[in-house]
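Each residue takes its place number in the sequence, starting with 1. These figures come from a predicted structure and were not determined experimentally.
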Amino acid sequence: MDERIFLSAPHMGGEEIKYIQHAFKENWIAPLGPNVNGFEQDIQDYNNIPYAAALSSGTAAIHLALILLGVKTDDVVMASSFTFSATVNPIVYQQAEPVLIDSEEETWNLDPELLEKAIKDYVARGKKPKAIIFVHLYGMPGKIKEVKAIAEKYDIPIIEDAAEALGATLEGKPLGTFGDFGVYSFNGNKIITTSGGGALVSQKKEWVDKARFLATQARDAAPYYQHSEIGYNYRMSNIAAGIGRGQMKVLDKWVENRRSNHDFYSRELSSIGFEFLREAEGAYSNRWLSCVLFNEKHTTQPEELRQELEKYNIETRPLWKPMHLQPIFKNCKAYLSGVSEDLFEKGLCLPSSSSLTDVQKQLVVEKIKDFIK
Ligand SMILES: *Cc1c(COP(=O)(O)O)cnc(C)c1O
């Protein structure tokens, strides 16, 4: 059988090993070190944001942002429903209440109108939300400007979950830099990887300093171990950060590769009825994953195509199952439009790695065409 074609595989650029070798040579194996500082600097420079903390995961970054905003038991936090569970789980870590907001059709991301309706309802009941977690799914810029205007009107901070959106911009501004906090992920399947990691960014120095403090067990300034607050072990290691420094050098190229995967699929598959998510005016997606939508004329289901492609060792996956449909979040209050549920039913994510070869892409398209006609 042919070599497996993955949905989104790690893709090293070549220089990663140089930073790891340097860490070995200097014995900078212990958690922190120059690669961590260097990687934070790279993230800041790339996104044109003054402060970044390198962390153990994107989930940790979201969790710390909620802690820094003072989210506590029974507080309300509004979040995109169409996302990966890691967006919403940290709300529950804080024993707060997630309120799930459905998507709009244009960008598949959080619907600003539904959000405002939800905020009004909760404000009327004396439960003003403590934060909004806004996700740019699949690297596609959502309506963050509209959401920001609403958030400012009601004075609610935004955590921008750009875990899938590093390298994407809206009107030239990097995603993750619109909110009070921005979150990136360097998990193995993301646009670049540190084998596992994340970052929290902000314009506010105090917040990022405090995030670093909390992420290293909240040690007070004393010669002995003294703690006045509950801490976490959420920092990125110097080895992982070394991989990150190498990956930052190829980020723009990997974005171009993913965008060209998407262009290829949409050129080849639009003629057989598949629909694709388009970029709105001013939006530049990193096209982390290329997704196709089946239409009414198709006589097969996405799941049938997924199983068919699996026979040729081609990995595909349904779109994210919305949080309001998840067993664990089924009792959460949700404001629904039907958009994310529809996308979940009609969509399939195709192999989207930045290392995908032309031959592999051609094979994917050929097998899809064979099956659909
Ligand atoms: C991957 C992801 C996260 C979590 O990042 P980790 O680094 O895996 O913890 C959060 N939100 C979204 C939308 C993601 O895709």
Any link between [X] and [Y] through a network of hydrophobic side chains (Ile, Leu, Val, Met, Phe, Trp, Tyr) touching at under 4.5 Å?
X: Phe329; Y: Leu336; value: no
X: Ile314; Y: Phe264; value: yes
X: Met12; Y: Ile5; value: no
X: Tyr138; Y: Val339; value: yes
X: Phe84; Y: Val92; value: no

What pairs of residues pass the salt bridge (Lys or Arg N to Asp or Glu O under 4.0 Å) test when at least one of them lies in [range], not counting sequence neighbours?
range: residues 162-191; value: Lys145-Glu171
range: residues 118-141; value: Asp75-Lys130
range: residues 198-207; value: Lys205-Asp209
range: residues 17-27; value: Glu15-Lys18

Which residues, ordered by chain and number, are linked to [X] in its hydrophobic cluster, where ILVMFWY side chains connect at heavy-atom gaps below 4.5 Å, directly or through other members?
X: Tyr225; answer: none
X: Phe6; answer: none
X: Leu114; answer: Val76, Met78, Val99, Ile101, Leu110, Leu115, Ile119, Tyr122, Val123, Ile132, Phe134, Ile144, Val147, Ile150, Tyr154, Ile156, Ile158, Leu170, Leu175, Phe178, Tyr335

Quick one: do [X] and [Y] make a salt bridge, cutoff under 4.0 Å?
X: Arg235; Y: Glu40; value: yes
X: Glu308; Y: Lys311; value: yes
X: Glu268; Y: Lys361; value: no
X: Glu256; Y: Arg287; value: no

Do the non-hydrogen side-chain atoms of [X] and [Y] ever get within less than 4.5 Å of each other?
X: Pro141; Y: Ser285; value: yes
X: Val183; Y: Ile159; value: yes
X: Trp320; Y: Thr83; value: no
X: Gln307; Y: Glu304; value: no
X: Ile29; Y: Ile239; value: yes
X: His11; Y: Lys253; value: no
X: Leu251; Y: Ile191; value: yes
X: Pro90; Y: Thr59; value: yes

Using every non-hydrogen atom in the two residues, find where [X] and [Y] come nearest and quote the distance to one decimal.
X: Ala131; Y: Leu66; answer: CB-CD2, 4.5 Å
X: Arg306; Y: Pro318; answer: CD-CD, 4.0 Å
X: Asn35; Y: Gly242; answer: ND2-CA, 3.4 Å
X: Cys332; Y: Leu100; answer: CB-CD1, 3.9 Å
X: Val71; Y: Gln94; answer: O-NE2, 3.0 Å
X: Val208; Y: Ser202; answer: CG2-CB, 3.8 Å

At what distance, to the nearest 0.5 angstrom, does [atom1] of [X] lie from [atom2] of [Y]?
X: Leu166; Y: His136; atom1: CG; atom2: NE2; value: 12.0 Å
X: Asn257; Y: Leu356; atom1: CG; atom2: CG; value: 9.5 Å
X: Arg4; Y: Glu310; atom1: CZ; atom2: CD; value: 4.0 Å
X: Asn238; Y: Ile20; atom1: CG; atom2: CD1; value: 10.0 Å
X: Leu277; Y: Glu279; atom1: CG; atom2: CD; value: 8.5 Å
X: Asn261; Y: Trp288; atom1: CG; atom2: CH2; value: 13.5 Å

Just grab all the ring-ring contact (aromatic ring centres under 6.0 Å, His included) pairs involving [range], residues at least two apart or on different chains.
range: residues 54-82; value: His63-Tyr93, His63-Tyr232, His63-Tyr234
range: residues 12-58; value: Phe39-Phe186
range: residues 199-224; value: Phe181-Trp207

Check whether [X] reaches the backbone of [Y] with its side chain - one donor and one acceptor, N or O, closer than 3.5 Å.
X: Glu104; Y: Glu106; value: yes
X: Asp161; Y: Ile62; value: no
X: Glu16; Y: Gly14; value: yes
X: Gln247; Y: Thr194; value: no
X: Thr193; Y: Pro10; value: no
X: Ser81; Y: Pro322; value: no

Exercise. Would you sort out whether Tyr265 and Ile368 count as a side chain to side chain contact (heavy atoms under 4.5 Å, CB included), showing the intermediate values?
Key: CA-CA 10 Å; Tyr265 288 135; Ile368 294 174; 5.6 Å; no
Quiz item: Out of Asn295, Val292, Leu269, which one pairs with Glu275 under the side chain to side chain contact (heavy atoms under 4.5 Å, CB included) rule?
Solution: Asn295
Residues 345-353, side-chain donor-acceptor partners within the protein, below 3.5 Å, at least two apart:
residue: Lys346; atom: NZ; partner: Asp342; partner atom: OD2; Å: 3.2
residue: Ser352; atom: OG; partner: Ser290; partner atom: N; Å: 2.8
residue: Ser352; atom: OG; partner: Leu350; partner atom: O; Å: 2.6
residue: Ser353; atom: OG; partner: Ala9; partner atom: N; Å: 2.8

Practice problem: Count the heavy atoms of every other residue, nucleotide or ligand shown that sit under 6.0 Å from CG of Asn48, and state whether that count exceeds 12. | Solution: no
Exercise. Examine the side chains of Thr177 and Asn47 and answer whether a donor and an acceptor come within less than 3.5 Å of each other.
Key: no
Quiz prompt | By side chain to side chain contact (heavy atoms under 4.5 Å, CB included) - contacts of Asp42 (at least two apart) | solution = Arg245, Met248
Quiz item: side chain to side chain donor-acceptor pair (under 3.5 Å) between Arg258 and Ser8: does it pass, once the steps are laid out?
Solution: CA-CA 10 Å; Arg258 294 213 184 221; Ser8 182; 3.0 Å; yes
Self-check item: Trace of the side chain to side chain donor-acceptor pair (under 3.5 Å) decision for Ser340 with Asp102
Solution: CA-CA 6 Å; Ser340 63; Asp102 209 340; 2.8 Å; yes
